[in-house]
Amino acid sequence: MEIKEYEELIIAQLNKVVEQIIDKGPNLTIAVKKGERVGDGISKYLENKFVEFTKKHEYFTDSIASPEGKTKNPFDVQTFFEINNHRELLWVDFKAINVDNDDTNPDSGTPDKVLTLMNSGYFYLVYILVYYKGNETGLDFVQNNEIFVKSYFLKDVSSTMRITPANQMQVNGFEEPM
Amino acid sequence: MEIKEYEELIIAQLNKVVEQIIDKGPNLTIAVKKGERVGDGISKYLENKFVEFTKKHEYFTDSIASPEGKTKNPFDVQTFFEINNHRELLWVDFKAINVDNDDTNPDSGTPDKVLTLMNSGYFYLVYILVYYKGNETGLDFVQNNEIFVKSYFLKDVSSTMRITPANQMQVNGFEEPM
Amino acid sequence: MEIKEYEELIIAQLNKVVEQIIDKGPNLTIAVKKGERVGDGISKYLENKFVEFTKKHEYFTDSIASPEGKTKNPFDVQTFFEINNHRELLWVDFKAINVDNDDTNPDSGTPDKVLTLMNSGYFYLVYILVYYKGNETGLDFVQNNEIFVKSYFLKDVSSTMRITPANQMQVNGFEEPM
DNA sequence: GGTTGAGAACATTTAAATGGCAACCTC
DNA sequence: CGAGGTTGCCATTTAAATGTTCTCAAC
Ligand SMILES: [Mg+2]
Ligand SMILES: [Mg+2]
Ligand SMILES: [Mg+2]
């Protein structure tokens, strides 16, 4: 299999898992007041669900969520993508975007962890973006450009990516990957 | 009145307002999973209550909460302390500390806003610390060293205060002011 | 001395300082792609040089550059113009214009830009325009209509001008608008 | 005198928005 | 061509934890 197909398969499978999570539970009871940001709670929800939904999966194995209380953990989910005796480690970073706000440029991880990951022989850091809106009692996952979930690899991030003084990669939440 | 007494009166009155808020509503329905940080939601709650509780107040007037959606606003609450025809503007910054966590060193505002405030002829930036713990359905405000609320002025902050690369003042949440 | 002459002298002296800066270093190693803007970098360069070049100066004293990171700072450089025991505070704002970009038009376009800003409530005293072009390794300062530097003297800063707690400039204001 | 442990002090990382400004686009 | 609005790009600020390093005291 070509590398390109292989990578596309990973992305497609990740999208599918998270789409299923959203499909089974399209709203959460996490309250969102206007202008409030609840990324932390949404991420924890998706992390746990991801692990649950990949307990038995055609491609993903050994998924773990970011450990409780580890507020500086380098991944939200770690999982392995397995195909034809090849086993690829993935670090997933969820981004939860409130589409009622004007714009967003989330911190996207320290660049240092890219090195950590590569030194351990792996490569793939993946962002998974989800979109939401507050309602009276909590929040709904919603579509952006007709999709609920957008996954892409750090290696494909837009060239407008930059490093902030806090040593975080940063890229606009609506910027297309390459 | 001496400056010292005057300042002590401000602090005592601030503590009293927030103690009353907590007394009337000692728990919130904001869910706190272990290791999660819900400072944003707690701050918004306290901001609105502070405004409500100082609508008619012996000392505080014209309180306003941080405007909705302004995620970069320099204060959580702005209020005026009035006594003997003297009117003092205060900028309040709430800090919500989860006592189940090991430690905390919250970002405490950009140092640049100190100059902004001074240029406009004012001086008093106040931190108001509250403590909480998650429970099954939400959170309880709790005591730390037998107090629910600790207020102090930026000018009295511990000398261990430092500036982070993100241009935020930082100080340990349990550090005593001078 | 007439006001008009006085103002012309200030402008002439400002132009001279910046012309000297450009003369001593006619190119920078700041990379410029077409359509990109590097105003920030050029401004920082000119600010520091301006302070350096007016350390000992016939007319300018006590020059300071804008504090690092303060985007809301009302000036790029603050300096004092001294003549005959008269001391005038000047706030300088640099504008860097890439002549390769589509909008650039000599003479009339640029002053309009400046007036627009002024009408929208900005209050800078002097704008100093410099022109540049990208090259292979960085950028060159260039002439526009045979001049390297163009300064516009806008209007006096009223003594009632101040920065409000909401971080806005205000003239003749009484209460803080939010 | 060196080692260990504890505590203090500080650095780093995590959650995601708004705000500013030059360049571009449209009429 | 000019005016006005929009877009793209980046900087800054906001929510609060853990983790590392240094210092000092006790053994
Ligand atoms: Mg994440
Ligand atoms: Mg606060
Ligand atoms: Mg400028």
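These figures come from a predicted structure and were not determined experimentally. Side chains included, hydrogens not; waters and symmetry mates left out as well; all remaining heavy atoms used. The sequence lines fix the lettering, A, B, ..., with proteins before strands; numbering per chain opens at 1.
Applying the ring-ring contact (aromatic ring centres under 6.0 Å, His included) definition to pairs two or more places apart or across chains, those involving residues 153-178 of chain A are Y124(A)-F153(A).
Look at dT14(D): it lacks any Watson-Crick or wobble partner with both distances under 3.5 angstrom. The nucleotide dT3(D) finds its pairing partner in dA26(E), both defining distances of the Watson-Crick or G-U wobble pair being shorter than 3.5 Å.
A sub-4.0 Å separation between OP1 or OP2 of dA16(D) and a side-chain N or O of T104(A) is absent. Contact check, Q168(B) against dT14(E): a side-chain N or O comes under 4.0 Å of OP1 or OP2. Between N167(A) and dT13(D), a side-chain N or O to OP1/OP2 separation shorter than 4.0 Å is present. For dA11(D), neither phosphate oxygen OP1 nor OP2 lies less than 4.0 angstrom from any side-chain nitrogen or oxygen of Q170(B).
DNA chain E is contacted by both S159(A) and A166(B); S159(A) maps to the nucleotide lying nearer its 5′ end (nearest heavy atom per residue). Along DNA chain D, the nucleotide nearest T71(A) and the nucleotide nearest T71(B) are compared for position; the residue whose nucleotide lies closer to the 5' end is T71(A).
Residues from residues 90-101 of chain A with heavy atoms under 4.0 angstrom of DNA chain E: there are none.
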Report task. Could you check L28(A) against F141(A) for side chain to side chain contact (heavy atoms under 4.5 Å, CB included), going step by step and ending with a plain yes or no? Result -> CA-CA 8 Å; L28(A) 300 185; F141(A) 289 108; 4.0 Å; yes
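Using a 4.0 Å heavy-atom cutoff across all strands shown, Y132(B) reaches sugar-phosphate atoms only and no base atom. If you check every strand for non-hydrogen atoms under 4.0 Å, G41(B) touches nothing. Nucleic acid contact class of G173(B) (heavy atoms, under 4.0 Å, all strands): none. Counting non-hydrogen atoms under 4.0 angstrom, G69(B) reaches the backbone sugars and phosphates but no base.
Taking 3.5 Å as the limit, the base of dT14(D) and the side chain of E36(B) contain no donor-acceptor pair of atoms between them.
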Report task. Scan nucleotides 19-24 of chain E nucleotide by nucleotide, 5' to 3', and note B when protein non-hydrogen atoms come under 4.0 Å of the base, S if they reach only the sugar-phosphate, - if neither. Result -> S-----
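The main-chain N or O of I163(B) is never found under 3.5 Å from a side-chain atom of N167(B) such that the two would form a donor-acceptor pair. Looking only at distances, no side-chain donor or acceptor of D140(B) sits under 3.5 Å from a matching main-chain atom of V142(B). Within the 3.5 Å criterion, the main-chain N or O of S108(A) finds a donor-acceptor partner in the side chain of Y127(A).
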